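When a ligand or atom number is given, it counts from 1 through the structure's own listing order. Heads up: numbering here begins at 1 and tracks the sequence. Note that the structure is a prediction, hence the values are computed from the model and not measured.
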Amino acid sequence: MGQVRLSGLRKSYGDTHVIKGIDLEVKDGEFLVFVGPSGCGKSTTLRMIAGLEDISGGEISIDGQRVNELRPADRGTAMVFQSYALYPHMTVAENMGFALEMSGVAKAERRLQVGRAAEILRITELLARYPKELSGGQRQRVAIGRAIVRKPRVFLFDEPLSNLDAALRVNMRIELTRLHKELGTTMIYVTHDQVEAMTMGDRIAVFNKGHVEQLGAPMALYTRPANEFVATFIGAPRINLVDRPGADASAAHRALWAAVAGQAPAQTQRAGLRPEHLRLVAAAQGIPARVALAEHLGDSSIIHLRVDGLAELLSAKVGAEHGGIAAGQDVGLVPDAAWALAFDAEQRLAA
Ligand SMILES: Nc1ncnc2c1ncn2[C@@H]1O[C@H](COP(=O)(O)OP(=O)(O)OP(=O)(O)O)[C@@H](O)[C@H]1O
Ligand SMILES: [Mg+2]
């Protein structure tokens with residue numbers, strides 16, 4: 001079991017309200033991701049669940065039991081941090097077994113548990129080594145191993161992969177997803193990384209300034225973000241937002257609005273179109289734009305475009321066939337309006 005419920009959860013430091021009332025339920029066995037900009041309260045929330053931080057208001061319950069007053073060790077949670085802080089003078093096996101030793105588990109049983117966790121993490125051959133003899137990814141596995149041997153009801157991960165290089169992150173991302181499938185234990189996972197959030201989570205909670213803007217399945221957040229904040233946060237490069245044209249708007253701005261928001265509800269004040277839904281054609285065949293900057297990634301290109309009358313550049317994510325485009329070139333834009341999002345004056349999705 002490992003169902004977690006947060007009800008009206010609050011945290012203040014003096015007059016600074018850091019967590020402003022969070023209500024959410026993590027289902028037993030679920031992989032829930034917390035994302036949001038720096039300082040929005042992800043780590044604080046996680047630490048409150050673990051019991052490492054006092055709460056200022058509200059309730060945390062695990063499997064229906066209120067845990068507000070329980071010590072961290074009695075909550076059945078195990079936390080893995082960004083910095084893995086292994087004990088340098090202990091071997092991998094000793095590091096992994098330490099929590100068990102502290103709670104009085106006998107040596108033979110410890111060895112069994114550590115051996116099992118090492119197998120799951122594929123680090124059996126590293127058990128006799130010391131932390132300084134390990135790569136970053138291997139150290140991170142040991143840190144996760146320490147959590148596994150405690151058999152928690154809930155794993156809490158705070159950006160556990162952010163110290164790893166790009167290739168290793170991809171590896172560990174896949175490993176962690178596999179681990180979740182294998183253990184079936186509830187996981188709450190904090191990340192800044194778009195791809196981790198989209199690919200690992202059963203659901204994602206998007207945090208903003210101490211509250212949750214939206215909680216939903218990854219693709220639901222992508223296709224039906226509740227508001228401009230979520231639309232902007234989910235998806236990279238970020239979504240293009242176009243204001244409703246005023247009386248003095250340029251012809252290009254009007255043409256763009258008609259193409260993107262022509263079918264949108266009357267209350268629409270801003271239209272959103274993701275870079276991957278903007279096609280490039282010959283200058284005469286679409287809405288006129290000029291290339292301000294072209295970023296060629298090999299498999300795709302991100303083209304930043306200036307449209308007459310728009311203050312901000314638009315970005316288009318296009319295929320390798322556009323790998324020759326250069327700054328200064330005139331092109332035509334064709335929006336795929338089927339993917340367009342409409343927002344009202346309060347920046348909420350206009351149904
Ligand atoms: N002791 C403190 N006193 C006052 N404010 C604090 C204290 N500790 C943390 N905060 C504030 O609480 C807010 C939430 O911090 P938290 O570490 O939870 O953010 P986060 O979402 O994890 O950010 P990041 O992505 O940068 O890790 C921040 O604005 C931070 O400045
Ligand atoms: Mg944090």
Side-chain angles (χ1 to χ4, degrees), residues 4-26 30-60 62 67-68 72 75 77-85 136 139-140 143-144 146-147 152 154-166 168-169 172-173 176 186-201 203-216 218 221 225-238:
V4 181
R5 186 193 290 274
L6 310 181
S7 317
L9 188 65
R10 293 176 178 279
K11 176 75 185 179
S12 309
Y13 295 102
D15 290 339
T16 313
H17 304 299
V18 177
I19 303 296
K20 299 167 186 162
I22 291 184
D23 296 286
L24 68 84
E25 188 185 315
V26 191
E30 185 173 25
F31 197 124
L32 183 71
V33 173
F34 288 176
V35 292
S38 189
C40 67
K42 306 178 296 292
S43 296
T44 304
T45 305
L46 210 61
R47 292 170 58 81
M48 288 194 289
I49 297 170
L52 302 174
E53 195 90 62
D54 288 337
I55 75 175
S56 308
E59 187 177 88
I60 302 171
I62 300 179
V67 299
N68 289 25
R75 295 189 181 197
T77 58
M79 191 147 163
V80 179
F81 300 89
Q82 178 178 349
S83 59
Y84 354 109
R139 276 178 218 164
Q140 189 53 282
I144 295 167
R146 268 195 315 205
V154 183
F155 284 98
L156 305 170
F157 291 100
D158 196 356
E159 309 209 38
L161 307 186
S162 49
N163 283 341
L164 306 179
D165 69 41
L168 210 49
R169 283 183 81 116
M172 284 302 291
R173 190 175 87 213
L176 274 175
T186 309
M187 294 186 174
I188 307 180
Y189 187 98
V190 171
T191 182
H192 270 102
D193 188 301
Q194 285 282 322
V195 180
E196 284 178 18
M198 288 299 288
T199 58
M200 297 173 87
R203 289 188 302 163
I204 301 175
V206 182
F207 278 63
N208 182 21
K209 295 181 183 156
H211 68 269
V212 174
E213 290 280 355
Q214 191 174 5
L215 173 65
L221 298 195
N227 51 44
E228 288 184 16
F229 181 87
V230 176
T232 312
F233 202 80
I234 300 288
R238 56 165 280 195

Checking heavy atoms under 4.0 Å, the part of T16 that sits near ligand 1 is neither

task: Kindly indicate whether the side chain of T45, heavy atoms from C-beta on, has any atom under 4.5 Å from the side chain of L6.
output: yes

When distances are taken from atom 30 (C) of ligand 1, the protein heavy atom at minimum range is G39 O, 5.0 Å

Taken in chain and number order and not counting sequence neighbours, the residues that satisfy side chain to side chain donor-acceptor pair (under 3.5 Å) with N208 are E213

With a cutoff of 4.0 Å, is R47 in contact with ligand 1, counting heavy atoms of the residue only?
no

Of all protein heavy atoms, the one nearest atom 18 (O) of ligand 1 is T44 OG1, 2.5 Å

among protein heavy atoms, the one nearest atom 7 (C) of ligand 1 is Y13 CE1, 3.2 Å

Ranked by distance from atom 26 (O) of ligand 1, the top protein heavy atom is S38 OG, 2.5 Å

Out of K42, K11, H17, the nearest non-hydrogen contact to atom 21 (O) of ligand 1 is supplied by K42

For residues 43-52, the salt bridge (charged side-chain N to carboxylate O under 4.0 Å, His left out) pairs (sequence neighbours left out) are R47-E53

Looking only at protein heavy atoms, what sits closest to atom 17 (O) of ligand 1 is S43 CB, 3.8 Å

Does any N or O of ligand 1 fall below 3.5 Å from an N or O anywhere on G36, backbone included? no

Next item on the list: Please examine the side chains of L156 and F34, heavy atoms only from C-beta on, and report whether any two atoms are closer than 4.5 Å.
Entry: no

When distances are taken from atom 13 (C) of ligand 1, the protein heavy atom at minimum range is V18 CG1, 3.2 Å

- request: Verify, without hydrogens or angle tests, whether K20 (side chain) and K209 (backbone) share a donor-acceptor contact under 3.5 angstrom.
  value: yes

Audit row: F233, L221, side chain to side chain contact (heavy atoms under 4.5 Å, CB included) steps and yes/no: CA-CA 10 Å; F233 202 80; L221 298 195; over 6 Å; no

inquiry  = In the complex you have, is atom 3 (N) of ligand 1 within reach of the protein, judged by whether a heavy-atom distance drops under 4.0 Å?
reply    = yes

Measure the shortest side-chain to side-chain distance between M79 and L46 over non-hydrogen atoms and say whether it is less than 4.5 angstrom. yes

Closest non-hydrogen atoms of P37 and F229, given as atom of the first, atom of the second and distance, are CD-CZ, 3.7 Å

Counting only protein N, O or S atoms and ignoring waters, those under 2.8 Å from the Mg ion (ligand 2) are S43 OG

Sequence neighbours excluded, the answer for side chain to side chain contact (heavy atoms under 4.5 Å, CB included) partners of S162 is Q82, E159, R169

Original post:
Do I144 and F157 touch side chain to side chain, with heavy atoms closer than 4.5 Å?
Top reply: yes

The atoms of ligand 1 lying under 4.0 Å from a heavy atom of E159, numbered in the order shown, are 25 (O), 27 (O)

Do the non-hydrogen side-chain atoms of D193 and L161 ever get within less than 4.5 Å of each other?
no

Atoms of ligand 1 under 4.0 Å from any heavy atom of H192, numbered from 1 in the order shown, are 25 (O)

**Study point:** Side chain to side chain, K11 and D54, heavy atoms closer than 4.5 Å
**Key:** yes

